[in-house]
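Every value quoted in this text rests on a predicted model; they were computed, and no experiment measured them. Below, all heavy atoms of this structure are taken into account, side chains as well, without hydrogens, waters or symmetry copies. Each ligand, and each atom within it, is numbered from 1 in the order the structure gives.
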Amino acid sequence: MIKKLFCTFLSILPSSLLANEPKDWQLGFQKSASKSMSDIVWFHDYMLLPIITGITAFVLFLLIYTCIRYRASKNQVASTTSHNTFIEVIWTLVPCLILIVMAVPSFKVLYSQDTIPKADVTIKAIGYQWYWGYEYPDENIIFDSYMIEDKDLKENQPRLLTVDNEVYVPVNKVIKVMITANDVLHAWALPSFGVKRDAVPGRINETWFKAERTGTFYGQCSELCGIKHAFMPITVNVVTEKEYNEWLESAKVKFAKDELKTIKKIVKKIN
Ligand SMILES: [Cu+2]
């Protein structure tokens, strides 16, 4: 039985690690698609996890050692020691050192996420109860992105993650995302890009990512925002420059801003 479970676990593991979306029984992060996420994964796998494992093993060892060594039958006269300067210095200093060792790479990752390089494409994501709205301010594109209901899903479309209008971005370009909300707090999160920012009404938060490979990437609203919080997914298609330009052409027609339409109407009237 245990062997069977272990085999199932192993067979699930590689597929979940390669996915751009969450998988059943997933362990660990989704496969990274940006430098930012690769840094986060490195920090977790090679820094946090070893430290956590070390501390847990050490504390467990101390507990077991104390239970055996100082059990009532072997240690009938209890020690009255209450202070030991050397030990107190050690157990203050060692945790401080561990925190400093952890803080350095952590701040480095945070800083790189916060410093937005010159953007090639800017997107505005607006959280609504309960869907996302997107704007491409430089392209005069505006559209809403609703989740596809279970009954309307096509083959290979993941449940609760597929939307009607996806975001398109070019690969290997700096994408700046401006995030805000219209009603309550939401959060725009895309695990493969290492992006998660709160969408706050009346305030614009900024973040960025540079997708390193093409594909469809899925994320979800990550701030409890009401009854349909689980039903406002985020779908980003990372495509080649050429495909992106083709999409832009069609999107400019399909999702042209209403203001633009009115301006055109006025211009027509004047002419
Ligand atoms: Cu939300």
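Distances from the Cu ion (ligand 1) to the N/O/S atoms of H186 are shortest for ND1.
The ring of Y244 has its center no closer than 6.0 angstrom to the ring center of Y168. Two rings, from W247 and Y136, have their centers less than 6.0 Å apart.
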- Task: Start with the C-alpha distance between E241 and K173, add both sets of side-chain angles, then the distance that settles salt bridge (charged side-chain N to carboxylate O under 4.0 Å, His left out), and finish with yes or no.
- Result: CA-CA 9 Å; E241 180 92 50; K173 295 273 178 195; 3.3 Å; yes

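Among the atoms of M232, an N, O or S atom falls under 2.8 Å of the Cu ion (ligand 1). Checking C221 against the Cu ion (ligand 1), an N/O/S atom falls under the 2.8 Å cut-off.
Listed by first and then second residue, the salt bridge (Lys or Arg N to Asp or Glu O under 4.0 Å) pairs involving residues 89-99 amount to none (not counting sequence neighbours).
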